[in-house]
Q: 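Got a structure for you, written out below as structure tokens; questions coming shortly.
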Amino acid sequence: MVHISHHPHREPQHDSEARRWQDWANMALGILLAVSPWLLGYSGLDGATMNAVIVGLLVFALSALALTLLDRWEAYISAALGLWAAAAPWLIGFAAYDAAMIVHLAAGTGVVLIAAIEIWQGSHSP
């Protein structure tokens with residue numbers, strides 16, 4: 001006899017395999033955002049650097065956590081962080097610095113799109 005246990009806060013195994021690429025992609029975007037001040041030469045902009053490091057590490061950590069916990073709430077928080085990263089150049093005031101603005105906008109948009117796919121897949125899984 002096979003016993004199948006369903007945990008209320010965990011997704012079935014097939015859902016975790018389908019979502020795994022999103023978590024890895026957001027981890028990569030988080031690291032890219034976190035190191036971008038030094039890669040793209042805008043580490044002298046304190047607000048942009050601090051934002052990139054904090055938001056990037058949060059995206060990375062949430063996505064790494066999602067690989068083990070597989071809870072859907074991570075995608076919603078990632079989407080919010082992505083929206084913040086995309087809007088930060090104008091909200092914090094570094095939109096005039098192309099490298100900082102472009103990487104925040106691109107990484108933030110990427111995180112939002114990946115989170116939206118995750119949320120959509122979660123709502124359409126059996």
Q: According to a hydrophobic-cluster definition based on side-chain heavy atoms being under 4.5 Å apart (Ile, Leu, Val, Met, Phe, Trp, Tyr only), do Val112 and Leu32 belong together?
A: no

Q: Side-chain contact test, heavy atoms from C-beta onward, threshold under 4.5 Å: evaluate it for Trp24 versus Leu67 and give yes or no.
A: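 The answer is yes; the side chains approach within 4.5 Å.
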
Q: Please say yes or no: joined through hydrophobic side-chain contacts below 4.5 Å, possibly via intermediate residues, are Trp90 and Ile102 part of one cluster?
A: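 Yes; tracing contacts between hydrophobic side chains, which count when under 4.5 Å, links both residues.
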
Q: Could you see if Phe94 belongs to whatever hydrophobic cluster contains Leu40? Use Ile, Leu, Val, Met, Phe, Trp, Tyr and a side-chain cutoff under 4.5 Å.
A: yes

Q: Quick check: closest heavy atoms across Gly108 and Ala85, and the distance to 0.1 Å?
A: CA-CB, 3.9 Å

Q: Between the side chain of Thr49 and the main-chain N/O of Asp46, is any donor-acceptor distance below 3.5 Å?
A: no

Q: Would a single hydrophobic cluster contain both Ile92 and Met50, if residues Ile, Leu, Val, Met, Phe, Trp and Tyr are joined by side-chain heavy-atom contacts under 4.5 Å?
A: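 Result: yes, single cluster for both.
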
Q: So, for Asn26 and Ala115, which heavy atoms are closest and what is the spacing to 0.1 Å?
A: ND2-N, 4.4 Å

Q: How long is the gap from CG on Leu91 to CG on Asn51, to the nearest 0.5 Å?
A: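 Atom-to-atom, Leu91:CG and Asn51:CG are 9.0 Å apart.
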
Q: To the nearest 0.5 Å, what is the distance between CE (Met27) and CG (Leu65)?
A: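 Reported value, rounded in 0.5 Å steps: 10.5 Å.
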
Q: Looking at Leu33 and Gly56, what are the two nearest heavy atoms and their distance?
A: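 Leu33 and Gly56 have their closest heavy atoms at CD2-N, 3.9 Å.
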
Q: Where do Ile77 and Leu58 land on the side chain to side chain contact (heavy atoms under 4.5 Å, CB included) test, with the steps shown first?
A: CA-CA 10 Å; Ile77 296 172; Leu58 285 172; over 6 Å; no

Q: For residues Leu83 and Ile54: do they belong to one hydrophobic cluster (side chain heavy atoms under 4.5 Å, members Ile, Leu, Val, Met, Phe, Trp, Tyr)?
A: no

Q: The test is side chain to side chain contact (heavy atoms under 4.5 Å, CB included); show your working for Glu118 and Asp23 and say whether it passes.
A: CA-CA 9 Å; Glu118 245 181 305; Asp23 297 324; 3.2 Å; yes

Q: Drop me the distance from His104's NE2 to Tyr97's OH, to the nearest 0.5 angstrom.
A: 14.0 Å

Q: So, taking the atom named OH in Tyr42 and the one named CG in Asp98, what distance separates them when rounded to the nearest 0.5 Å?
A: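 Interatomic distance, Tyr42 OH to Asp98 CG, rounded to 0.5 Å: 12.5 Å.
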
Q: Kindly indicate, with the supporting measurements, whether the criterion side chain to side chain contact (heavy atoms under 4.5 Å, CB included) is fulfilled by Phe60 and Val55.
A: CA-CA 9 Å; Phe60 175 84; Val55 174; over 6 Å; no

Q: Atom OG1 in Thr109, atom CG in Leu29: separation rounded to 0.5 Å?
A: 10.0 Å

Q: Heavy atoms only: give me the nearest Ser63-Glu74 pair and the separation to one decimal.
A: OG-OE2, 3.7 Å

Q: Decide yes or no on side chain to side chain contact (heavy atoms under 4.5 Å, CB included) for Leu105 and Met101, but give the supporting numbers first.
A: CA-CA 6 Å; Leu105 186 58; Met101 186 266 298; 4.2 Å; yes

Q: Does Ser78 use its side chain to pair, donor to acceptor, with the backbone of Ala75 at less than 3.5 Å?
A: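 Side chain of Ser78 to backbone of Ala75, a donor-acceptor pair under 3.5 Å: no, none is there.
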
